[in-house]
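Below: the structure, in structure tokens.
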Amino acid sequence: MSVEKFNHLVAEKKWHKFWEDNKIFKASDNKKLKKFYCLEMFPYPSGKIHMGHVRNYTLGDVIANFKRLNGFNVLHPMGWDSFGMPAENAAIQNKLHPKKWTHSNIETMKSQLKLLGFSIDWDKEISTCDESYYKHQQKFFLDLYKKGLVYKKESLVNWDPVDNTVLANEQVVDGKGWRSGANVIQKKLSQWFFKITEYAEDLNQSLDTLTNWPEKVKLMQKNWIGKSKGCEIEFDLTSSSSNKKINIFTTRPDTIFGASFIALAIDHPIAKEYEQTDEFKEFKEQSYKIGNTDEAIAKTEKFGFKTNYVAQHPFIKNKTLPVYFANFVLMEYGTGAIFGCPAHDQRDLDFARKYKLEVTPVILPKGIKQSEFKINKEAYLEDGTLINSEFLNGLDVDKAKELIIEKFERVNKGKGKTTFRLRDWGISRQRYWGCPIPILYREDGAIIPVPEKDLPVRLPEDINFDKPGNPLDHHPTWKFTTCPETGMKAIRETDTLDTFVDSSWYFLRFCSSNNKEKGYEIDDAKYWMPVDQYIGGVEHAILHLLYSRFFSRAISSDTEFEIREPFHGLFTQGMVCHKTFKTEDGQWTYPEDVLEKDGNFFEKNSNKKIIIGPSESMSKSKKNVVDPQAVINMYGADSVRWFMLSDSPPERDIQWSDEGIAGCYKFIQKIWSCSEKILNISDSKEISANEKTNLEKLINKLTKEITHNIENFHFNVAVAKFYEFINNFTKILNDNNQDKKIYIEHFNQFLILIYPFTPHVAFEIWEKINKKKDLHLQKWPSFKESLLREEEFNIVVQINGKKRSILLAKSGLTEEQLFQMSLGLDNVKKLIENKKIIKKIYVKNKLINIVIHE
RNA sequence: GCCCUCGUGGUGGAAUUGGUAGACACAAAGGACUUAAAAUCCUUGCCCUUCGGGGAGUGCCGGUUCGAGUCCGGCCGAGGGCACCA
């Protein structure tokens, strides 16, 4: 009998149309339903979708479908992170307007996403470059401005000389621009900032409430925020000509008696007094000379510049400390000044050795005599007992810290203080393709926020990219305007907002996508927020997630509904990898251009020999990419989705392979042919009661496993269980009486279970069997614990912990009965002959361990 | 340098709380069907074996336990984050 194949090309098109026409993935407005907000990180419209998108949205789609079948009102939207530099770069290179380029990319990518059959509510689609989006963002900017969370300051910024723009600290990777890869230089500019540091404590503490976030991500954020408890201490500085007071910050106030110098940052206010001297100029120049990479900075030799100040030690009369400027002290952290305790800090020790300063140990390691304890080249950083420290002597480090802070506070020379590594978020970008900052500079010098009624501040469309720099700045008319209150002349802010601002609230916009008045409606947000499951790449573990957590708080504080944590559950998926191919002369080669001949590989056109490199994350530059669209055409959307869920756990990297996708295709066909076999049963006969129970148990077990594995993101295990089921099911189907009704009943349940993974083939078979297009209206099946209970068990029989035999036993037997049975097993008998049994262990329905004397 | 995670067959990986290691898939070898191929299906997978079974085995060394991939200590290796943060 010939069996017809599943034709994905026809079936997928048919179901896409049906789903779209009937809007079956539309979220309901009925706020009485139990909701589930499933969100994947929205894409940047760079051109075409890539395998990373496919994986991301497939993972999310399984969850969305699963939750819908479980009776949730699911919000599963899609949008476009559509402002950003590539659009401008494309405009410069191809003379194409960024808007046109962006919109055409969105069209392409949208049609590609639709090919995969994702259950997206397209009615809620948004795009951050639309003024219907960014006008609300400008309103939020003004709100934050009113709340005092936005400020402008002259600051040294990371300047990318290739992209001609400012970069946030986070966008500088190893001293290079994250996008251009150019060496970043320091430049002074007046910049807008969000006061994210205002929320440092809250952002840090609240991480502990995020129980459905990966520990790894929470830890990365903790490290980034970098909270440290310490103490601020006031020192009196004197020189022959003046007296000063300065504050220093330390986390080791307990080592105050080991202090031997004060070190200041090069740009500390006191530096003003030395700026004119040649020696200081030279010192400053030298410290700026050091390489750009963080690593190079960290390994640079410590050096300093001695001032003519001395500092009075706070507790030792007549003891003064020399005051230096030092290249390793940062103005941005703490107070830009420290006291050096060489014995217990490596940098301080290096510095002290260089300038022959005192090294007084004040912490004695446990178990070492004071007379034998010497500091040579390594500082002692661990805990111990305080020595040489007057009233602190004999205490351990923690106690000493406590006591000394109390003492400082009592004598009014310092106080306990917490500092953070986190800095404020610089949001100004000297770029055209971004959200305009709604600010005016009036001719009298006043800075005026654009009134709400004048929003949006629209981007002009007639722009010129021929000159370098920001086209908004040299636009002939756009920036010239008047003050709405006084009528005085005014100039618009020509910087635009960092695109991370766009993505810091888009999840809120999805709650009220089509609302024209507000960025989001409080009632909608109350219902939908927080996002129940957020899925995306781990590369956003710090920036995007931290900014979003801050921005949600900032814009919703003082409103009726404060959104502190926007993402309840977070899942970070791994990357899609592929082998890399290079010709012998070092040219990267696309996988489809590589041919195999007798175990050797050649480039298709040139016939050059190909060297196969390690599997790496797919990237255009290395050409180790596979185009999703081509694969979908060939194998179908279900096969591609199935591949993305198979084998590798979703949090780990996955290796793309041609064999793998072919295997997935085979499995889809196998499901199809299994359904054909059932439908073609012509001589239906009743099945035996025993087989009937077996079948019931099979589907019941599958139901439990799939439910459990979806809930825990073990999609690869779920896939394995589906394979196992189909293997067993077809075996029973082939070996037994063919009871059509029973098989159909169980296969229907199987189709519901697999629908979230491979919706097209599931719908097609469902319709074929049931003559209805209503698979999506089915209820997720429940499983019966009673059916999971077995009447027979394989009980492992161990002797001294080693497996020796297996005992097939019915349930209900007592421990003693089972023990006697196991003693009767040939293998066991042989091994315990003439040996003394010392002990026996029984694990119910699982295992017997007989311990004997060897 | 500091912090974190992970080491299981040829490969991707599985293994609720410590309780049959290697599920499932890919690749390979052999076989069945076929004139042939494709497709499909079956078998095998380290060492020894009298074919009943026995032995070794989850990066390395040691420990706890009746029993360790799983827990503890120490190494080695890979990946990721931070990086002059006082």
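When reading the values below, keep in mind they use all heavy atoms of this one structure, side chains included, and skip hydrogens, waters and symmetry mates. In what follows, chains carry the letters A, B, and so on, assigned in the order in which the sequence lines appear, proteins first and then strands, with residues in each chain numbered from 1.
No engagement by D348(A) is indicated, since no non-hydrogen atom pair under 4.0 Å with the nucleic acid exists. F249(A) comes within 4.0 angstrom of a base, heavy atoms only. When heavy atoms are screened at a 4.0 angstrom cut-off, T251(A) is found touching the sugar-phosphate backbone but no base atom. Residue K670(A) is classed as a sugar-phosphate contact, given heavy-atom separations below 4.0 Å to backbone atoms only.
Other residues, nucleotides and ligands place no more than 12 heavy atoms under 6.0 Å from the NZ atom of K216(A). Under a cut-off of 6.0 angstrom, the local environment of NZ in K218(A) is crowded, with over 12 non-hydrogen atoms contributed by other residues, nucleotides or ligands. The neighbour count for K579(A) NZ, taken as heavy atoms of other residues, nucleotides or ligands under 6.0 Å away, does not exceed 12.
Shown here, G81(B) is classed anti by the O4'-C1'-N9-C4 or O4'-C1'-N1-C2 angle, which is more than 90° from 0. In textbook terms, a nucleotide whose glycosidic angle is within 90° of 0 is syn, and G52(B) is one such case.
Between A23(B), C66(B), A86(B), one nucleotide has an atom nearer to the side chain of I338(A) than all others, and that is A86(B). Each of A23(B), G55(B), U16(B) was ranked by its minimum atom distance to the side chain of R804(A); first place goes to G55(B). Nearest to the side-chain atoms of E724(A) among the listed nucleotides A23(B), C4(B), A14(B) stands A23(B). Looking at the side chain of A720(A), the nearest of the listed nucleotides A23(B), A86(B), G13(B) is A23(B). Counting only heavy atoms from C-beta on, R421(A) has its side chain closest to A83(B) among A83(B), G81(B), U40(B). Each of A14(B), C84(B), C66(B) was ranked by its minimum atom distance to the side chain of V851(A); first place goes to C66(B). Comparing C85(B), U16(B), G13(B) by their nearest atom to the side chain of K704(A) picks out U16(B). The side chain of N223(A) lies closest to C3(B) when the candidates are C3(B), A83(B), C26(B).
Across all non-hydrogen atoms, the minimal contact from Q573(A) to G52(A) is NE2-O, 3.6 Å.
Y333(A) places its OH atom 9 Å from the P atom of C85(B), with the value rounded to the nearest Å. Atoms CG (N734(A)) and P (U40(B)) sit 15 Å apart, rounded to a whole Å. As a whole-Å value, the separation of H344(A) NE2 from A86(B) C1' is 15 Å. For the pair I654(A) CD1 and A25(B) C1', the computed distance is 12 Å after rounding to whole Å. Taking atom CG on N728(A) and atom C1' on A23(B), their separation rounds to 12 Å, with Å as the unit. If you measure from atom NZ of K5(A) to atom C1' of U40(B), you get 12 Å, rounded to the nearest angstrom. Rounded to an integer number of Å, the gap from M575(A) CE to G79(B) P is 12 Å.
The backbone N or O of L381(A) lies less than 3.5 Å from no partner atom in the side chain of H344(A), so there is not a single donor-acceptor pair. Q346(A) contributes no side-chain N or O that, together with a main-chain N or O of E378(A), makes up a donor-acceptor pair within less than 3.5 Å.
Atom name P, nucleotides U58(B) and C71(B): the rounded distance is 15 Å, in whole Å. Separation of the C1' atoms belonging to U34(B) and U44(B) is 23 Å when rounded to the nearest angstrom. Between C42(B) and A23(B), the distance separating the two P atoms is 15 Å to the nearest Å. Spacing of P atoms, A21(B) relative to C33(B), comes out at 38 Å, to the nearest Å. Of the C1' atoms belonging to G69(B) and G22(B), the separation is 11 Å, rounded to the nearest Å. Comparing G45(B) with G53(B), their P atoms are spaced 14 Å from each other, to the whole Å. Spacing between C85(B) and A25(B) at atom C1', rounded to whole Å, works out to 48 Å. G67(B) and A78(B) are spaced 31 Å apart, taking the C1' atom of each and rounding to whole Å.
Contacts with RNA chain B (heavy atom under 4.0 Å) in residues 709-719 of chain A: N716(A), V717(A), listed by number.
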Considering only nitrogen or oxygen atoms on both sides, find all protein atoms under 3.5 Å from nucleotides 19-21 of chain B and state each distance.
unit_1, atom_1, unit_2, atom_2, d
G19(B), N2, Q798(A), OE1, 3.1

Using the 3.5 Å cut-off, write out each protein N or O paired with an N or O of nucleotides 71-75 of chain B and the distance between them.
none

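With sequence neighbours excluded, the residues forming a salt bridge (Lys or Arg N to Asp or Glu O under 4.0 Å) with D208(A) are K222(A), listed by chain and number. In terms of the salt bridge (Lys or Arg N to Asp or Glu O under 4.0 Å) criterion, residue partners of K354(A) (sequence neighbours excluded) are, by chain and number, E301(A).
Residues F729(A) and F750(A) place their aromatic rings such that the two centres sit no closer than 6.0 Å. Between F819(A) and Y842(A), a ring centre-to-centre spacing not shorter than 6.0 Å is recorded. Taking the centre of each ring, F643(A) and Y635(A) stay at or above the 6.0 Å mark. Residues F261(A) and Y355(A) place their aromatic rings such that the two centres sit no closer than 6.0 Å. You'll find the ring centres of F713(A) and F715(A) inside the 6.0 Å limit.
Distance check: I233(A) CD1 to I246(A) CD1 gives 10.5 Å after rounding to the nearest 0.5 Å.
Residue K302(A) places a side-chain atom within donor-acceptor reach of the base of C84(B), judged by atom type and a 3.5 Å distance cut-off alone.
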Watson-Crick and G-U pairing of RNA chain B, under 3.5 Å, as dot-bracket with | and [ ]: (((((((..(((......[....))).(((((.......))))).(((....)))...(((((..]....))))))))))))....
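Of the two residues contacting RNA chain B, namely K721(A) and K666(A), the nearest-nucleotide position lying further toward the 5' end is that of K721(A). Between L219(A) and K802(A), the residue whose closest nucleotide on RNA chain B is further toward the 5' end is L219(A).
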Chi angles and distances behind the ring pair (Phe, Tyr, Trp, His ring centres under 6.0 Å) call for F722(A), F667(A): CA-CA 10 Å; F722(A) 278 121; F667(A) 180 68; 7.5 Å; no
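With hydrogens and angles left out, the side-chain atoms of N727(A) and K670(A) include a donor and acceptor closer than 3.5 Å.
Under the 4.0 Å criterion applied to side-chain N and carboxylate O atoms, K5(A) and E676(A) are not assigned as salt-bridge partners.
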